[in-house]
Amino acid sequence: MEQEMEKRKEGTSEEEKWVHDASVDYKGRLPFRASTGVWKASLFVLIFEFSERISFFAIFSNLITYLTKVIHQDLSTAAKSVNYWVGTTTLMPLVGGFVADSYTGGFNMIIFSSLVYLMGLSLLILSQVIPSLKPNINNQPTVAHEVAFFLAIYCISLGTGGHKPCLQSFGADQFDEDHREERKKKMSFFNLWSFTVCFAMLLGATVVVYVQDFVSWGVASLIITILMALTTIAFYAGRPFYRYKQPAGNPFRPILQVLVAAIRKRNLSCPSNPALLYEIPELEKSQGRLLSHTSGLRFLDKAAIIEEKYVEQRDNAWRLATVTRVEETKLVLNVVPIWLTSLTTGVCWAQASTLFVKQATTMNLKMTESFTLPPASLVSVAAIGVLISLPIYDRVIVPILSKVTGNERGISILRRISIGMTFSVIVMVAAALVEAKRLRIVGQRTMSVMWLIPQYLILGIANSFSLVGLQEYFYDQVPDSMRSIGMALYLSVIGVGNFLSSFLIIIVNHVTGKNGKSWIGKDINSSRLDRFYWMLAVINALDLCAFLFLASSYTYKTVQRRTMDTDGCNKSDGVETVAK
């Protein structure tokens, strides 16, 4: 008996040395756990993300100032231009994520898109140093400069399309969800990812923006280009340490097959026992994990009903789907309402780089006699809010809540997001009150820029809950074969939010302009941004109510998996909830 247990432990220990999550190493072999993945691999990923985000936030933070002061766009046009660029930058990942998940794999897409990104940064340098492309001596833009500048930043958007969703999902893929310790580390990975992004935002919106304002855009562009080039090389050099997920083909095809099979069997009744539905045995599955049956969207269960007269057509995916395929389809359909009700988070974030910055330009920016704060650097306060709140949440609040709730995450993902959305309402209320006060004293004295600190700080705290929660949600609550697309959906929340912000500006201008006093006019002092902020506060509050309603009945993804303890012993196979 003891010998049998000893042999079982040895076999288990041997199995635990390898990673059995459908990933491979850089030579296409089964990954060895000790030499691949986890922090040794994700460190390369985090450093790469750090350099890319410095580049992005350096451009993003100061873009509206550049458009108004150098290209001489009016406030409304400049705000829409920024929103269009940010919107495009955060929607392109939908294309990059789809191509990566379906055909190229994450690593290849990251390398290709990084080269495109570097091409955009190089063009940005050229638009600042080549005489025929530079603004003229009086800082008046030429047509050639405008074309080169916009071509450069939209080339960066194209590069971001493959870089952003694939890099984050690639980093998360370095942790084995069936290994208990690695799964815990993956939860910390998303918090550390956001911490890295915000630290990059802090540097990009302060140091690089300062160089842009007081040295030149050309020098600043050269700095971020060199940094991006060096980290691209470093990321490629880390190939032996990575775990790679193979592309699984078009991820939308199985979803369409489930829908077709369910419609074909629409007249059948679902069995009361879910065990009667069709599923491939664990040992026969080629890749991925088996999902457990859930009670929602019962109509789709009909796709997994075995029809006696079509027994010989079990291999016909258009007539018979597995429970796992049905559950993956449910996951995708459940994501849609959550995505829609998360868009106001993107609308709120859009104000930080547009109207909040323009507010700052009218205020007293002098910190000391010799130092003037660049308006775009205020977004770094939001980064500080995240940098303070994330470690406290991850290292203090989560362990306490885990003991109370029994949830590894402390609180559910959707609850975390809803807390962030609540803070977003507070942000817009604070912004409205500050702007109303600023308008009251216009012409009497100049208001200190320090009055904007609270709204930026609260925005950072909001993002540490909502945006980090959305990252986890769109990675965990989509099919395993769609994780790059999932991260792209998270980014699209910000992108569509920016487009919605532009749309709201257009509508508000049209409606309020009829009375001859637009809320968002060419001159910020003659505008009524306070009313616009109050409107956004109401919209955010109503949307929060809708989100809470959806979250109250949401069914999380469940999988059938074998969980490994750190001592090498295996728990019995069973159903375990991935996210609560």
Of Phe48, Phe170, Tyr26, which is the lone residue that meets ring pair (Phe, Tyr, Trp, His ring centres under 6.0 Å) with Tyr242? Phe170
Below 30° counts as parallel, above 60° as perpendicular, anything between as tilted: where do the rings of Phe241 and Phe44 land? parallel
On the 0 to 90° scale, with breaks at 30° and 60°, tag the Tyr66-His145 ring pair as parallel, tilted or perpendicular. tilted
Just checking Trp217 against Tyr210, ring centres under 6.0 Å apart? no
Beyond-backbone contact of Tyr244 with Ser23, side-chain heavy atoms, under 4.5 angstrom: no
Can you say whether the rings of Phe175 and Phe189 are parallel (under 30°), tilted (30 to 60°) or perpendicular (over 60°)? tilted
I'd like to know if Lys164 and Glu52 make a salt bridge, using a cut-off of under 4.0 Å between side-chain N and carboxylate O. no
Working to the nearest 0.5 angstrom, can you tell me the gap between Ile156 CD1 and Leu123 CG? 8.5 Å
Apply side-chain hydrogen bond (donor to acceptor under 3.5 Å, both in side chains) to residues Ser169 and Ser484 and explain how you reach the verdict. CA-CA 6 Å; Ser169 61; Ser484 292; 3.0 Å; yes
Can you check whether Leu227 reaches Ile224 side chain to side chain, under 4.5 Å on heavy atoms? no
Euclidean distance, Leu115 CG relative to Met119 CE, rounded to 0.5 Å: 9.0 Å
Taking 4.0 angstrom as the limit, do Arg415 and Glu472 come out as a salt bridge? no
Which word best sums up how the rings of Phe50 and Phe199 line up, parallel for under 30°, tilted for 30 to 60°, or perpendicular for over 60°? parallel
Got a salt bridge between Lys557 and Asp480, using NZ or NE/NH1/NH2 to carboxylate O under 4.0 Å? yes
Within the supplied structure, the quantity of interest is the number of heavy atoms (other residues, nucleotides, ligands) at a distance under 6.0 Å from Tyr236 OH; does it exceed 12? no
So Phe499 and Tyr84, would you call those rings parallel, tilted or perpendicular, with 30° and 60° as cut-offs? tilted
side-chain hydrogen bond (donor to acceptor under 3.5 Å, both in side chains) partners for Lys245, two or more places apart: none
Residue set satisfying ring pair (Phe, Tyr, Trp, His ring centres under 6.0 Å) with Tyr475, at least two apart, ordered chain then number -> Phe190
